[in-house]
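Some notes on the structure that comes next.
Numbered from 1 within each chain, the chains take letters A, B, ... in sequence-line order.
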Amino acid sequence: MSIAVRLPDDSLRPLAEGATGVDLAAGIGSRLLEAALAIRQDGRLSDLKSPLIDGAKVEIVTSKDPESLELIRHSTAHLLAHAVKRLHPEARVGIGPVIEDGFYYDFWVDKPFTPEDLPAIEAEMRKIAGEAVEVVREDLGRDAAVARFQAMGEPLKVEIVSGIPSGDIISGYRQGDFYDLCRGPHVPNTSKLKAFKLLTTAGAYWKGDEKNQMLSRIYGTAFHTQKELDEHLKRLEEAKARDHRKLGKELGLYSFHPEAPASPFFHPKGTVVYNELVTYIRELYFKYAYSEVITPQILDVALWKTSGHYDNYAENMYFTTAEEREYAVKPMNCPGHCILFGSQKHSYRDLPIRYADFGRLHRYERSGVTHGLTRVRTFCQDDAHIYCTPEQIKDEMAAFLALLKEVYDTFGFEGMRVALSTRPEKRLGSDEIWDAAEHALGEALDEAGMPYTLNPGEGAFYGPKIEFQILDALKRPWQLGTLQVDYMLPERFDLAYTRADGGEGRPIMLHRAILGSLERFMGILVEHTAGAFPAWLAPVQVAVLPITDRAHAFSAEAADRAKALGLRVELDGRNESLKAKIRDAQLAKVPYMLVVGDREAEAGTVSVRHRHRGDLGVQPLGDFLEGLAAEVRERRR
RNA sequence: GCCAACUUAGCUCAGCUGGUAGAGCAGCUGAUUCGUAAUCAGCAGGUCGCAGGUUCGAAUCCUGUAGUUGGCUCCA
């Protein structure tokens, strides 16, 4: 008996019955056998050692295959667990999946692993890889698997396997004395794992549930070659160098202090950037017909009970009492806007009404979740609420999408992705209302021709939402904008408008933001630009650098003229060398430097240096200043 | 909130197994007047996060606490 499989070049290859991918690869060539990691039969990835199916389309998977990286990482996770079991036989294994950029493995140990433990474990991994231990699939019935893991003293594995229906076949893999539950596939032997690194340790709950056992997690990554691994580690370094917490301190933008945990102090330079962002959004609000309002910071608790925040969000709110009356510090602007809307009679002719608010918000975030500027306890959103009729939702969405695109384009963000989040478990309102709201958003997106993904159960408690995600300069995704439909608050605040027929209509409320939190946006922007803000945002837009004292008078004149044009200029009159002044201006990421020596002072010119483009040559002072003023006015990138 | 690590001068960091704190940069003073990423010299600067404890003696060991960091979890 013999079988035949079809190769990618469409040729048929006859093989003996029971032949595996190993036989196939070996038959084609020893180089291929060496490179082979797995096979794909009729589109399904499986072990190199799995038997070939007669008539199947088969390809040998090598490192060139995109899916093979996942395979390598998964096998490396097993290698990690194998090494840990050798060094720490008492450790109980959890799970070890592949994640973006690497893998992790969870262990139940008395003493959690620390970074100091990693070199020894990594060395053991290299040892096992060097031993070229065969990786063999061993399938077991459910009950046999439970028995085996019980015998091995692996309670977590027993728990997983026990959750699988009795009678099912469970796949597992053995490499030497290590056996693990796994769907596979895996590399044929451990020598295929050549480029890996353990990165960090962390605590993690079993099954991600805080009520469960805390396990010790080891993170690592793996690649096909050392070169790819090195490049990845270099990228990590680059991201670290752009960390907004580090750059914010270095550039003197903001700082954090124990007196107000997770709450930024914006220094003068950071405040310039912050205010420029607000000014920009304000200008767009004028263009897009929003009305800015200012509402109180502290409001009666009764308001938050009406809005539903008290019941759903109290654990994240700050409370205060005065004259025996209980107040809450606002965690969002919406209820205040509802009071505003309800304070007057509205005609259908007035709608939509768009209230924008840069009010400061406070939310109590649990101590472990705060992070630099991206997760803080006090912040401000480019927040606005639109009150409109059901018929106006689509137009409002279209206008918002245009606004959103304009803003993201200004900052050079690309690759926008859109997600529609639907009803969560903890929510207000009837299913009928949710049906209508979810439908309205989906339809509007369809009409705008925007592809989107669904996030079931991720909506806000008062309504479904659309989230807009962009990619920064390092191609990292960030969620910035959001648009949420809210049928609940108008109901709870009994908001109304007079319809054309004289009857009363209930407005629909749209919550929307483009940048999200200004604090968080600033952090993202710092990482996106590596601190080199475009001229319109730069805290110092131009530095004047006199070479000698003789150039001081003209330098001062240059600075004054820049200031008269509204430019943020700094005159570096220190008794330092030109080299030193340039270095300091470069490190401060000042976009333009004007070198002024005897020649320039004499001719009324400046020698222009750009932080990235270097020496741009000599220009008349007036020409340069006008050019820069235009660059700033147009908010060029 | 949970697990772990970290916290020393304004900043970045040294400080071996406990013997009573050190560098570079920044700052100040002086000299130097200089052409596209650090001129030279001198001076000054710290209750070693905070509170207890062990010890003849604590930056160092122990306990507690705060903040930060990496994760978990959460995220209107």
Side-chain angles (χ1 to χ4, degrees), chain A residues 99 104 106 109 111-117 199-219 240 243 245-246 249-250 252 255-262 307-309 312-313 315-317 331-335 361 363-372 374-375 381 383 421 424 426-428 458-465 467 479 482 484 486 488-489 511 513 516-517 520 545-552 575-588 593-600 607-611 614-618:
Chain A
I99 54 172
Y104 67 79
D106 286 343
V109 281
K111 197 180 151 293
F113 292 116
T114 68
E116 286 79 61
D117 296 320
L199 297 171
T200 178
T201 60
Y205 297 102
W206 171 236
K207 293 180 173 172
D209 188 332
E210 150 168 29
K211 290 188 271 299
N212 284 342
Q213 171 70 36
M214 174 70 76
L215 305 177
S216 181
R217 174 172 299 180
I218 296 178
Y219 284 94
K240 217 168 148 189
D243 190 316
R245 294 167 300 184
K246 177 176 132 78
K249 197 193 273 186
E250 283 173 10
S255 56
F256 292 85
H257 303 275
E259 289 79 359
S307 71
H309 289 99
N312 288 279
Y313 202 64
E315 68 270 24
N316 285 309
M317 290 169 66
M332 48 198 42
N333 297 307
C334 359
L361 308 177
R363 295 182 189 174
Y364 182 76
E365 302 286 358
R366 293 161 92 204
S367 56
V369 307
T370 60
H371 177 94
T374 56
R375 194 80 185 271
Q381 295 175 316
D383 195 15
S421 299
K426 203 170 163 185
R427 63 176 183 263
L428 298 176
E458 296 288 312
F461 75 83
Y462 49 72
K465 64 183 179 186
E467 286 175 332
Q479 195 238 304
T482 177
Q484 307 174 9
D486 186 351
M488 314 297 167
L489 281 184
H511 305 243
S517 133
R520 179 168 171 277
L545 314 178
I547 298 175
T548 68
D549 288 347
R550 294 187 300 280
H552 264 114
N575 181 6
E576 284 290 350
S577 69
L578 177 63
K579 278 171 177 287
K581 291 181 184 182
I582 286 178
R583 181 181 144 87
D584 289 343
Q586 284 285 155
L587 291 175
M593 288 151 258
L594 302 182
V595 176
V596 179
D598 291 336
R599 296 197 295 267
E600 288 81 6
S607 175
V608 182
R609 181 189 162 96
H610 184 266
R611 66 183 168 204
D615 194 342
L616 300 181
V618 175

Contacts of type side-chain hydrogen bond (donor to acceptor under 3.5 Å, both in side chains), residue [X], not counting sequence neighbours:
X        : result
A:Asp383 : A:Asn333
A:Asp584 : A:Arg574
A:Ser307 : A:His309

(request) Quote, to the nearest angstrom, the P distance that separates B:C48 from B:U60. (result) 9 Å
Sequence-distant partners of [X], salt bridge (Lys or Arg N to Asp or Glu O under 4.0 Å), two or more places apart:
X        : value
A:Arg363 : none
A:Asp243 : A:Arg245
A:Lys207 : A:Glu159

(request) Determine, step by step, whether A:Val595 and A:Leu578 satisfy the side-chain contact (heavy atoms from CB on, under 4.5 Å) criterion, reporting the C-alpha distance in whole Å, the side-chain angles of both residues, the deciding distance to 0.1 Å, and the verdict. (result) CA-CA 8 Å; A:Val595 176; A:Leu578 177 63; 3.9 Å; yes
(request) Can you check each nucleotide of nucleotides 68-76 of chain B against protein heavy atoms at under 4.0 Å and return B for base, S for sugar-phosphate only, - for none, in 5' to 3' order? (result) SSBBBBBBB
(message) At less than 3.5 Å, do the side-chain atoms of A:Glu600 and the base atoms of B:G35 form a donor-acceptor pair?
(response) yes
(message) Checking A:His552 now: which residues fulfil ring pair (Phe, Tyr, Trp, His ring centres under 6.0 Å) with it, not counting sequence neighbours?
(response)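 A:His552 satisfies ring pair (Phe, Tyr, Trp, His ring centres under 6.0 Å) with no residue once adjacent residues are dropped.
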(request) State which residues pass ring pair (Phe, Tyr, Trp, His ring centres under 6.0 Å) with A:Tyr205; sequence neighbours excluded, sorted by chain then number. (result) none
(request) Kindly write out the residues that satisfy side-chain contact (heavy atoms from CB on, under 4.5 Å) with A:Arg520, not counting sequence neighbours, or none if the list is empty. (result)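 Partners of A:Arg520 by the side-chain contact (heavy atoms from CB on, under 4.5 Å) criterion, ordered by chain and then number, come out as A:Thr374, A:Trp478, A:Gln479, A:Leu480, A:Ser517, A:Ile524.
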Distances under 3.5 Å between nitrogen or oxygen atoms of protein and nucleotides 42-50 of chain B:
none

Atom pairs, protein N/O to nucleotides 5-12 of chain B N/O, distance under 3.5 Å:
| residue | atom | partner | partner atom | Å |
| --- | --- | --- | --- | --- |
| B:U12 | OP1 | A:Lys249 | NZ | 2.9 |

(message) Does A:Leu215 reach a base, just sugar-phosphate, or nothing at all? Heavy atoms under 4.0 Å.
(response) nothing
(message) Any side-chain N or O of A:Ser216 below 4.0 angstrom from OP1/OP2 of B:C3?
(response) no
(message) Without decimals, in angstroms, what is the distance between A:Asp584 CG and B:A38 P?
(response) 10 Å
